[in-house]
Amino acid sequence: MGSLDPEIKKAIEVFEQKLQDFGLSDFHSGGVDPARAFYRSLTPPIENNPSIYRVEDRKIDGPDGEIPIRVYFPTEGTNLPALVWFHGGGWVIGNLDTADYNCRKMANDYQCVVVSVDYRLAPEVPFPGALDDCYAATEWVFAHPGEIGIDVKKIAVGGDSAGGNLASAVALRSRDNGLAVGFQLLIYPVIEADFDNSSYLENANGYLLTRDAMTFYWDCYVPDEDERKNPFVSPLHAKSLSGLPPAFIISAEFDPLQDEAERYARVLKAAGIDVETKRYDGMIHGFFNMLTDEPVNEIVLASKDSANAFRRALDG
């Protein structure tokens, strides 16, 4: 095992100090409301995020009421690729604002329309609520290409952490229902509920995301442990992964989720899926597009690598 990047180590120290200042000993023990409040307090003001041609907040019909979405347009162009994005936050604490920086940057970098989905959160709405919302939003994108200026043949799904879990599940459901998703971008995704693999044990504490926090998130989203073997919860349990879209999977060296992300890449490849996976050394969970005092090569590289993978998959 290598060593933490100095800028990442500094970011961890700042995070831990902010946690103490917020009156919390950790990210999860206080329950859902303090966790949400603290996580969202870390979000930079939207006006400080990258500028972009246009952003629209909308509401679309969902399986149980309206689903808020935020649509990012990098240009006034038409027939652009699209990325349907599902934010991270353990299915519990994220929202459109916590994903805003990522979505603006990806829309600009990938030159695509990004549709960010404000799915219902656990524990108020456990599985399959979030998945149902994310799939409904993906169906909406396929049904309204002209309305948002996209090419219906170039639609990808993606997400980070719990959002990566939702993206992989949406890809599975889309395959089963004949919806032609063209690419899946999975950034340190949650893939299964195994808290005893080597990366969970080696990175249980000290790297922002902890083993105990992940246990808390799983208990909120899928409290029935038997249900965690459902392939739309844990894609590694799918009977077949054939026919899924190409994938780019990012993992981080000091991340409890490293093993499951990399294992999923191997299983996809064994099923004949065009998949690329890359581990970023010295990085932790949450590093993708992380703001640091000084530039971090692996952060810059991850943005470039993901943009290149997106273009290869959708533009050939």
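Computed over heavy atoms, backbone and side chain alike; hydrogens, waters and symmetry mates excluded.
For CD of Glu124, the number of neighbouring non-hydrogen atoms (other residues, nucleotides, ligands) closer than 6.0 Å is greater than 12. Within 6.0 Å of NZ on Lys10 lie more than 12 heavy atoms contributed by other residues, nucleotides or ligands. Shown here is Arg263, whose CZ atom has no more than 12 heavy atoms of other residues, nucleotides or ligands within 6.0 Å.
Inspection of the Asn177 and Tyr135 side chains reveals an N or O donor paired with an N or O acceptor under 3.5 Å. Judged purely by distance below 3.5 Å, without hydrogens or angles, the side chains of Ser199 and Asn197 pair a donor atom with an acceptor atom. Side-chain polar atoms of Thr43 and Asp97 form no donor-acceptor pair below 3.5 angstrom.
With hydrogens and angles ignored, the 3.5 Å screen pairs a side-chain donor or acceptor of Glu260 with a backbone N or O of Ile191. With Ser234 contributing its side chain and Leu236 its backbone, the two residues share no donor-acceptor pair below 3.5 Å. Between the side chain of Thr98 and the backbone N or O of Gly94 there is no donor-acceptor pair closer than 3.5 Å. Within the 3.5 Å criterion, the main-chain N or O of Ser242 finds a donor-acceptor partner in the side chain of Arg175. Counting only distance, with no hydrogens or angles, the side chain of Glu7 and the backbone of Asp293 share a donor-acceptor pair below 3.5 Å. Within the 3.5 Å criterion, the main-chain N or O of Gly163 finds no donor-acceptor partner in the side chain of Ser161. In this structure, the side chain of Thr277 engages the main chain of Ile249 through a donor-acceptor pair within 3.5 Å. At distances below 3.5 Å, not a single donor-acceptor pair connects side-chain atoms of Asp118 with backbone N or O atoms of Asn95. Although no hydrogens or angles enter the test, the distance criterion places a donor-acceptor pair under 3.5 Å between the side chain of Gln258 and the main chain of Glu253.
Remark: Ala270 engages no residue in a side chain to side chain contact (heavy atoms under 4.5 Å, CB included) (not counting sequence neighbours). The ring-ring contact (aromatic ring centres under 6.0 Å, His included) search around Phe86 returns none, not counting sequence neighbours. For Asn49, the side chain to side chain donor-acceptor pair (under 3.5 Å) partners two or more places apart in sequence, or in a different chain, are Asp100. Residues forming a side chain to side chain contact (heavy atoms under 4.5 Å, CB included) with Ser29 (at least two apart in sequence, or on another chain): Asp26. Remark: Asp219 engages Arg228 in a salt bridge (charged side-chain N to carboxylate O under 4.0 Å, His left out) (not counting sequence neighbours). With sequence neighbours excluded, the residues satisfying salt bridge (charged side-chain N to carboxylate O under 4.0 Å, His left out) with Arg211 are Asp196. Tyr119 meets the ring-ring contact (aromatic ring centres under 6.0 Å, His included) test with His87; sequence neighbours excluded. By the ring-ring contact (aromatic ring centres under 6.0 Å, His included) test, Phe22 pairs with Phe38, sequence neighbours left out. Take Arg40 and apply the salt bridge (charged side-chain N to carboxylate O under 4.0 Å, His left out) test, not counting sequence neighbours, and it matches no residue. For Asp255, there are no salt bridge (charged side-chain N to carboxylate O under 4.0 Å, His left out) partners two or more places apart in sequence or in a different chain.
The ring-ring contact (aromatic ring centres under 6.0 Å, His included) test with Tyr280 singles out one residue from Phe254, Phe288, Phe287, and that residue is Phe287. Here the rule is side chain to side chain donor-acceptor pair (under 3.5 Å) with Ser303, and of Asn102, Asn308, Asn289 only Asn289 fits it.
Screening residues 52-80 for ring-ring contact (aromatic ring centres under 6.0 Å, His included) gives no qualifying pairs among residues at least two apart or on separate chains. Residue pairs that meet the salt bridge (charged side-chain N to carboxylate O under 4.0 Å, His left out) test with at least one member in residues 277-292, sequence neighbours left out, are Glu262-Arg279, Lys278-Asp305.
Between His144 and Trp140, the ring planes lie parallel to each other; the angle is under 30°, not in the 30° to 60° tilted range.
In this structure, CD on Glu192 lies 5.0 Å from CG on Asp194, to the nearest 0.5 angstrom. Remark: Ile284 CD1 to Phe15 CZ distance equals 9.0 Å, nearest 0.5 Å. Remark: Phe195 CZ to Trp218 CH2 distance equals 7.0 Å, nearest 0.5 Å. Taking NZ of Lys304 as the start and CG of Asp109 as the end, the distance is 10.0 Å to the nearest 0.5 Å. Atom OG of residue Ser168 and atom CG of residue Leu268 lie 9.0 Å apart, to the nearest 0.5 angstrom. Annotation: the span from Ile60 atom CD1 to Ile67 atom CD1 amounts to 5.0 Å, rounded to 0.5 Å.
Here the closest non-hydrogen pair linking Val117 and Asp133 is CG1-O, 4.3 Å. For the pair Phe27 and Ala35, the tightest heavy-atom approach, listed with the atom from each and the gap, is O-CB, 3.3 Å. In terms of heavy atoms, Asn108 sits closest to Pro50 at ND2-CB, 4.3 Å. Shown here for Asp132 and Pro63, the closest heavy-atom pair between the two residues is CB-CG, 3.8 Å. The nearest pair of heavy atoms linking Phe216 to Gly31 is CZ-C, 4.0 Å. Nearest heavy-atom pair across Leu257 and Tyr188 is CD1-O, 3.6 Å.
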Please step through side-chain contact (heavy atoms from CB on, under 4.5 Å) for the pair Ile187 and Ser306, ending with a clear verdict. CA-CA 9 Å; Ile187 299 174; Ser306 61; 5.7 Å; no
Does the side chain to side chain donor-acceptor pair (under 3.5 Å) test come out yes or no for Ser198 and Asp259, once each step is laid out? CA-CA 7 Å; Ser198 60; Asp259 279 359; 2.5 Å; yes
Go through Glu227 and Lys229 one step at a time and tell me if the salt bridge (Lys or Arg N to Asp or Glu O under 4.0 Å) criterion holds. CA-CA 5 Å; Glu227 186 70 9; Lys229 295 179 181 179; over 6 Å; no
Dump the intermediate steps for salt bridge (Lys or Arg N to Asp or Glu O under 4.0 Å) on Glu147 and Arg58, then the final yes or no. CA-CA 12 Å; Glu147 188 174 333; Arg58 299 186 176 202; 2.5 Å; yes
Verdict with supporting geometry, Lys154 and Asp315, salt bridge (Lys or Arg N to Asp or Glu O under 4.0 Å): CA-CA 8 Å; Lys154 296 182 179 181; Asp315 294 336; 3.1 Å; yes
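By the 4.5 Å heavy-atom criterion applied to side chains, Pro145 and Asp151 are not counted as neighbours. Residues Thr210 and Asn205 are in side-chain contact: their nearest non-hydrogen atoms beyond the backbone lie under 4.5 Å apart. The shortest distance between side-chain heavy atoms of Val71 and Val113 falls below 4.5 Å.
Stacking of Arg311 on the aromatic ring of Tyr110 is not recorded, the 6.0 Å distance cut-off and the 45° axial limit not both being met.
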